[in-house]
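Report on one structure; see the data block that follows.
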Protein chains: 2
Amino acid sequence: MKRPNPVRPAIQKMHGYTPGEQPNPDQPLTKLNTNENPYPPPDQVLQAIHQAVGESLRLYPEPSSRPVREAAARAYGVTPEQVVVGNGSDDLLTMILRTFIDPSQVVAAPAPTYSLYETLTTIQGGLFQSIPWHDHLSLPIADLVESRAKVIFVVRPNAPTGHLVPLASIASLCQQTNGVVILDEAYGDFADDNGLPLLQEHENLIITRTFSKSLSLAGLRVGLGFMHPTLAAQMHKVRDSYNLDRLSQAGAVAALDNLAAFKPGVDAIRSQRKWLSEALKKRGFLVPESQANFILATVPQKGLKAEQWLSALKERGYLVRYFAGDPQLKDKLRITIGRPDEMKGFLAVVDQLL
Amino acid sequence: MKRPNPVRPAIQKMHGYTPGEQPNPDQPLTKLNTNENPYPPPDQVLQAIHQAVGESLRLYPEPSSRPVREAAARAYGVTPEQVVVGNGSDDLLTMILRTFIDPSQVVAAPAPTYSLYETLTTIQGGLFQSIPWHDHLSLPIADLVESRAKVIFVVRPNAPTGHLVPLASIASLCQQTNGVVILDEAYGDFADDNGLPLLQEHENLIITRTFSKSLSLAGLRVGLGFMHPTLAAQMHKVRDSYNLDRLSQAGAVAALDNLAAFKPGVDAIRSQRKWLSEALKKRGFLVPESQANFILATVPQKGLKAEQWLSALKERGYLVRYFAGDPQLKDKLRITIGRPDEMKGFLAVVDQLL
């Protein structure tokens, strides 16, 4: 019997999201391509996880990650009822779309942005609108409001540009839109300020954070969403019943209770970001100021094209990120900030290739 | 400004899925309510997890859990391309609905069944049809086919009844329906046979398994989906990019490479299942044969009602599951099979209450 294809047409047509390359552990490559933290998680976190490895793994975890929500409340001065925990912040983005977006409703974001938003919108049957950043990368507030989007994503600092829109622009967007504003602070800990103080005044604001960047735990898959308790209650309905395992919960609590242990790494990254930006600018790259743990560098007009830089760097041991699909990014490379020795080695290879 | 409620009407109206109670670790309760395994995971698994706790947690995991898919291929005689890994099998159920169900399309299951199917269908905007089991709990194949469901869920052994429909009925359903048949084998390792041999012949069959029951790893959140590679490729598109963390991947590989280590526990549970069923039958309970790690017992007509049993048992230290919402289950308790000492203690309390 020949059956009709059971797969939803939207899924048949789409391409899945392509994560940055994960080389085999035996390949001697320095990963400057997925914005991981070059410093290991602190011992307190590793010890907490070791302690959770035992007989209790036979039991389900706390369904809503209550210990993590309580630790987040202690760490950030909110209440546990304002926090939803995700299996990575991508899980939170999925929950957000499933909570707010019915078929054909609009999701908008200033572009370029994190490309997963469009993928997730397509899966949910929504319509994604890319709205160009204004000149000098200011937030296109009026255009976002006029899009009638039910959900508006803004990454701050933005990916992949690294720039930081003023918090006043976010507040103004929240005030003017009828939709929900998602402030994606995946890279917030590397910036000069963050949006948590806005939560009090804006009931349509959701702030997402991840443990994958500043907290050195990409391998553990933990994200946090901060929002008004009434939105949180609805998000919990679409959350997988046990979305965070026992070990991730244990590690996340320890990380939140020891935030100070991550500060030296974050400070080193901020200082290396400045160092690398200056060094590349002296060599003819255009490097706008970044407030994240990466820079978006436009390659010099003469010499290799960005895509050629990508492969030449890889041949010499350095993985960076190139966004093949986006014309706005065709002459640019996104480079994760690493340790000082990695940055020196990277620059030496750049000098060979110039 | 007063905004319209941004939450989808379907989500506003629905209740979230209610998982079984997870008591605080300091409460001296014997958990016979969520079908966890009473035996701890074997040392090989715990050691593999300990080894994965380290600096590499700063790096993202392998996106598609390739090491787990390869281990599953070795363990079950399939190819890695036939396997999709979930953050628990609930994550797989969500992926299935997001891959196949557009708004208003039908999802069907013989009832009573796992109540999460209806919740997930509602979230996806589909229409859930509960189709009663035929007399003697045989599979209502014609009714399921006539429902025109795009997705049909069958739990085997069934939850919460524990009965096992013949594999020939599953094969027949696959052959007759235009939809996709999901054979949920969460409890399959406790049964006399399983559906993996059917995969070869039925391209519209997906088999799901969990590590939460027979593999003693509910706290780690791992599930497997087996299916034709063309369906798997579509499911990967809607899968969260990094849905399984590094520690769960390490533990899952070790579990799959050491399946024999779980067999003594499974055998003990099967033997205790028989023992408890007989003992309760002698005391006036109706206990149909179960092939899972739980039994569904109808309480004696005289004496306490099922809901009263629930609280009386809890007061005396034993948590069992009662399904308040379902009239078909109003005189029944679902009791997880535990260790021999737990079963003896439970029965002693039952004797006090009779």
Side-chain angles (χ1 to χ4, degrees), chain A residues 1 3-4 6-8 11-12 14 16-17 19 22 31 34 36-37 39-41 46 49-50 53-63 87-88 90-91 94 98-103 123 150 178-180 204 212 216-221 234 236-238 240-243 245-248, chain B residues 3-4 6-8 11-12 14 16-17 19 22 31 34 36-37 39-41 46 49-50 53-63 87-88 90-91 94 98-103 123 150 175 178-180 204 212 216-221 234 236-238 240-243 245-248:
Chain A
M1 181 170 99
R3 286 190 188 81
V7 177
R8 295 169 54 207
I11 306 297
Q12 290 179 43
M14 73 178 277
Y17 174 76
Q22 294 290 325
K31 286 196 79 231
T34 48
E36 289 140 335
N37 195 312
Y39 301 104
L46 302 182
I49 299 172
H50 278 300
V53 178
E55 164 168 357
S56 65
L57 286 179
R58 72 179 182 82
L59 299 170
Y60 282 98
E62 206 290 325
N87 180 43
D90 288 354
D91 182 28
T94 297
R98 297 175 81 206
T99 303
F100 300 112
I101 297 300
D102 268 321
I123 295 173
K150 266 195 86 185
N178 264 331
V180 180
N204 61 336
S212 301
S216 287
L217 290 167
L220 212 55
R221 315 308 306 124
Q234 301 294 324
H236 279 297
K237 291 184 187 174
V238 308
D240 250 9
S241 318
Y242 304 96
N243 64 329
D245 67 57
R246 284 179 169 260
L247 305 180
S248 298
Chain B
R3 287 190 188 79
V7 177
R8 295 169 54 206
I11 306 298
Q12 289 179 44
M14 72 178 276
Y17 175 76
Q22 295 291 323
K31 284 196 81 233
T34 50
E36 290 140 335
N37 195 311
Y39 301 104
L46 302 182
I49 299 172
H50 278 300
V53 179
E55 164 167 358
S56 65
L57 285 179
R58 71 179 182 83
L59 299 170
Y60 282 98
E62 207 289 325
N87 180 46
D90 289 353
D91 183 28
T94 297
R98 295 175 81 206
T99 301
F100 301 112
I101 296 301
D102 268 321
I123 294 174
K150 266 196 86 184
Q175 218 154 24
N178 264 331
V180 181
N204 61 337
S212 302
S216 288
L217 290 167
L220 212 55
R221 315 308 304 124
Q234 301 293 325
H236 279 296
K237 292 184 186 175
V238 308
D240 249 9
S241 318
Y242 304 97
N243 64 328
D245 67 57
R246 284 180 169 260
L247 305 180
S248 298

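Quick note on labels: first sequence line is chain A, next is B, and so on, each numbered from 1. The basis for the numbers below is simple: all heavy atoms, side chains too, and nothing from hydrogens, waters or symmetry mates.
Heavy-atom pairs under 4.5 Å with chain B were tallied for A/Ser56, A/Gly54, A/Gly179, A/Gly88; the largest tally goes to A/Gly54. When the candidates B/Thr34, B/Asp102, B/Asn37 are compared by the number of heavy-atom contacts under 4.5 Å with chain A, B/Asp102 comes out ahead. The candidate with the highest count of non-hydrogen atom pairs below 4.5 Å against chain A, out of B/Pro61, B/Pro40, B/Pro6, B/Ser216, is B/Pro6. Highest contact tally toward chain B, considering only A/Arg246, A/Glu55, A/Arg98, is held by A/Arg98 [criterion: heavy-atom pairs under 4.5 Å]. Put simply, of A/Thr99, A/Leu217, A/Thr94, the one with the most heavy-atom pairs under 4.5 Å next to chain B is A/Thr99.
Here the closest non-hydrogen pair linking B/Lys150 and A/Val7 is NZ-C, 4.4 Å. Residue B/Gly16 comes nearest to A/Lys237 through the heavy atom pair N-CG, 4.0 Å, listed as atom of the first residue, atom of the second, then distance. Minimum heavy-atom separation, B/Asp245 to A/Gly219: CB-O, 3.1 Å. Scanning both residues, B/Leu46 and A/Val53, for their nearest heavy atoms gives O-CG1, 3.7 Å. Of all heavy-atom pairs between A/Ile11 and B/Val238, the closest is CD1-CG1, 3.6 Å. Nearest heavy-atom pair, A/Glu36 versus B/Tyr60, reported as atom, atom and distance to 0.1 Å: OE2-N, 2.8 Å.
A/Tyr39 contributes atom OH, which lies 10.5 Å from atom CZ of B/Arg58 (distance to the nearest 0.5 angstrom). Atom CD of A/Gln234 is separated from atom CZ of B/Arg8 by 11.0 Å, given to the nearest 0.5 angstrom. Considering CG of B/Leu247 and CG of A/Leu247, their distance stands at 5.5 Å, rounded to 0.5 Å. One finds the CG atom of A/Leu220 at 12.5 Å from the CG atom of B/Leu59 (value rounded to the nearest 0.5 Å).
The shortest distance between side-chain heavy atoms of B/Leu57 and A/Ile49 falls below 4.5 Å. The shortest side-chain heavy-atom distance between B/Pro19 and A/Tyr242 falls under the 4.5 Å cut-off.
By the side chain to side chain donor-acceptor pair (under 3.5 Å) test, B/Asn243 pairs with B/Asp91, B/Arg239, sequence neighbours left out. Residues satisfying the side chain to side chain donor-acceptor pair (under 3.5 Å) criterion with A/Ser212, sequence neighbours excluded, are A/Thr210, A/Arg221.
Both the backbone and the side chain of A/His50 come within less than 4.5 Å of a heavy atom in chain B.
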